Amino acid sequence: MKSTIQDKNKLVNSVFSDVHKKYDLMNDIMSLGIHRAWKEKFINWMNPQPETKLIDVASGTGDIAKEILSNFPNATVTIGDINYEMLSEGKKRSVNENFFKNADFCSLNGEMLPFHDNNFDVITIGFGLRNFVNKNSGLKEMYRCLKPDGKLLILEFSKPTNKFFSQVYDWYSFNILPKMGELIASDKDSYKYLVESIRVHPDQETLKNMMIDTGFKSCHFYNLSNGIVAIHVGEKAS
């Protein structure tokens, strides 16, 4: 088991180290820019109050943190990621795109968060949970670090709700996306992995039940783009 965990950690780290310079460009191209609308809806659902203490886990290059701080400048955001290259890219962006105020950067593993219990008002994770070796461990850690009544929001690829649309989406994902990765980022294998990681991620109801089993209350989800992506929300019990 330990070897399996180490192997996946190395694989995920290698994938994001390979693609970090073209990651944001590829997101725009692969989703035709729709990922920005998904993230905007995600931030709207969050609606943090002034002086909210928040952590964005698996933050990558800081897209979600940027949107949070742009819309809620009085929030305090910890930007955390396990991959050094992605985190470094996020630091550069925070300066170049002026969202470094009230932002802290932290190298971390989402399955072993280096924070005290009951520490954050809100925890967000966007397009990162599927890369966890043990998603249940990650959910437990995020639950532990939330304050009572604190909120977890997950934005992640999920299962399309329309059968025909699902078939078209599968064809596009497995035939077009890896080729785009090869042409634009010179890395077909990493984007093949990213597609495969989406397919093995729990569907909407399964992830909701995993959150409930962890102890979260008021768990619900919202499908976006016919279920290609879903927002899951849960609160820590008082």
Side-chain angles (χ1 to χ4, degrees), residues 9 12-31 33-116 119-132 138 141-142 145-147 150-157 184-185 187 190 194 229 231:
N9 279 336
V12 172
N13 212 36
S14 174
V15 165
F16 287 101
S17 292
D18 290 343
V19 304
H20 74 280
K21 288 188 179 297
K22 296 288 182 68
Y23 183 74
D24 296 311
L25 174 64
M26 283 296 294
N27 280 347
D28 281 330
I29 293 172
M30 290 189 304
S31 71
I34 298 173
H35 77 101
R36 298 187 181 279
W38 294 335
K39 290 170 182 174
E40 183 178 348
K41 288 182 180 294
F42 186 53
I43 303 303
N44 289 340
W45 278 113
M46 184 187 319
N47 190 28
Q49 301 304 305
E51 300 181 3
T52 292
K53 186 178 182 182
L54 183 149
I55 179 171
D56 186 43
V57 177
S59 194
T61 59
D63 256 8
I64 290 172
K66 176 188 174 182
E67 290 302 315
I68 293 169
L69 290 169
S70 295
N71 288 279
F72 306 97
N74 292 323
T76 300
V77 181
T78 297
I79 298 170
D81 200 277
I82 195 171
N83 183 271
Y84 176 79
E85 285 84 0
M86 293 286 279
L87 200 61
S88 295
E89 201 70 20
K91 286 182 180 179
K92 293 176 187 175
R93 285 190 67 192
S94 72
V95 175
N96 294 336
E97 300 178 27
N98 196 32
F99 64 94
F100 60 90
K101 183 181 178 182
N102 292 347
D104 295 314
F105 288 82
C106 182
S107 177
L108 56 79
N109 182 338
E111 297 173 47
M112 296 181 290
L113 294 173
F115 305 105
H116 295 300
N119 199 39
F120 295 100
D121 300 298
V122 178
I123 295 179
T124 59
I125 178 167
F127 303 116
L129 185 62
R130 72 181 187 277
N131 295 311
F132 282 24
E141 275 293 273
M142 289 184 275
C145 291
L146 276 172
K147 296 177 182 178
K151 187 181 294 185
L152 170 66
L153 296 101
I154 302 169
L155 176 66
E156 187 56 89
F157 289 105
I184 299 168
D187 194 338
S190 290
L194 292 175
V229 165
I231 298 171

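Here the structure is a predicted model, which means the values were calculated and not measured.
- Applying the side chain to side chain contact (heavy atoms under 4.5 Å, CB included) criterion to Ser94, with sequence neighbours excluded, gives Phe99, Phe100, Phe105.
- No side-chain heavy atom of Cys145 sits under 4.5 Å from any side-chain heavy atom of Ile55.
- Evaluation of the ring-ring contact (aromatic ring centres under 6.0 Å, His included) test over residues 58-79, restricted to residues two or more places apart or in two chains, returns none.
- Interatomic distance, Phe157 CZ to His35 NE2, rounded to the nearest 0.5 Å: 9.5 Å.
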Q.
Run the side chain to side chain contact (heavy atoms under 4.5 Å, CB included) test on Thr61 and Lys92 for me, step by step, so that the C-alpha distance in whole Å, both residues' side-chain angles and the decisive distance to 0.1 Å come before the verdict.
A. CA-CA 9 Å; Thr61 59; Lys92 293 176 187 175; over 6 Å; no
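- Residues Thr78 and Phe115 share a closest heavy-atom pair of CG2-CZ, 4.2 Å.
- Looking only at side-chain heavy atoms (C-beta outward), Glu40 and Arg36 stay at 4.5 Å or farther from each other.
- Among all heavy-atom pairs drawn from Ser107 and Ile82, the shortest one is OG-O, 4.4 Å.
- The two residues Lys151 and Leu146 have their closest heavy-atom pair at O-CD2, 3.6 Å.
- Between the side chain of Glu111 and the backbone N or O of Phe132 there is no donor-acceptor pair closer than 3.5 Å.
- For the pair Ala75 and Ile68, the tightest heavy-atom approach, listed with the atom from each and the gap, is CB-CG2, 4.5 Å.
- Ile79 contributes atom CD1, which lies 11.0 Å from atom CD1 of Ile64 (distance to the nearest 0.5 angstrom).
- Under a 3.5 Å cut-off, the side chain of Glu141 and the backbone N or O of Leu113 do form a donor-acceptor pair.
- The CZ atom of Phe42 sits 5.0 Å away from atom CG of Leu153, with the distance rounded to the nearest 0.5 Å.
- The side-chain hydrogen bond (donor to acceptor under 3.5 Å, both in side chains) check on Lys53 picks up Asn119, with sequence neighbours excluded.
- Not counting sequence neighbours, Lys41 has no partner by the side-chain hydrogen bond (donor to acceptor under 3.5 Å, both in side chains) test.
- By the side-chain hydrogen bond (donor to acceptor under 3.5 Å, both in side chains) test, Asp56 pairs with Ser59, Thr124, sequence neighbours left out.
- Side-chain atoms of Asp121 do not come within 3.5 Å of backbone N or O of Lys147 as any donor-acceptor pair.
- Contact check for Leu54 versus Phe120: no side-chain heavy atoms found under the 4.5 Å cut-off.
- Residues Thr52 and Met46 have side chains not in contact (no heavy-atom distance under 4.5 Å, counting atoms from C-beta outward).
- To the nearest 0.5 Å, atom OH of residue Tyr84 and atom NZ of residue Lys91 are 6.5 Å apart.
- Closest approach of Leu69 and Lys101 over heavy atoms only: CD1-O, 3.7 Å.
- Heavy-atom minimum distance, Leu152 versus Met142: CD1-SD, 3.7 Å.
- Screening residues 65-76 for salt bridge (Lys or Arg N to Asp or Glu O under 4.0 Å), with sequence neighbours left out, gives Lys66-Glu97.
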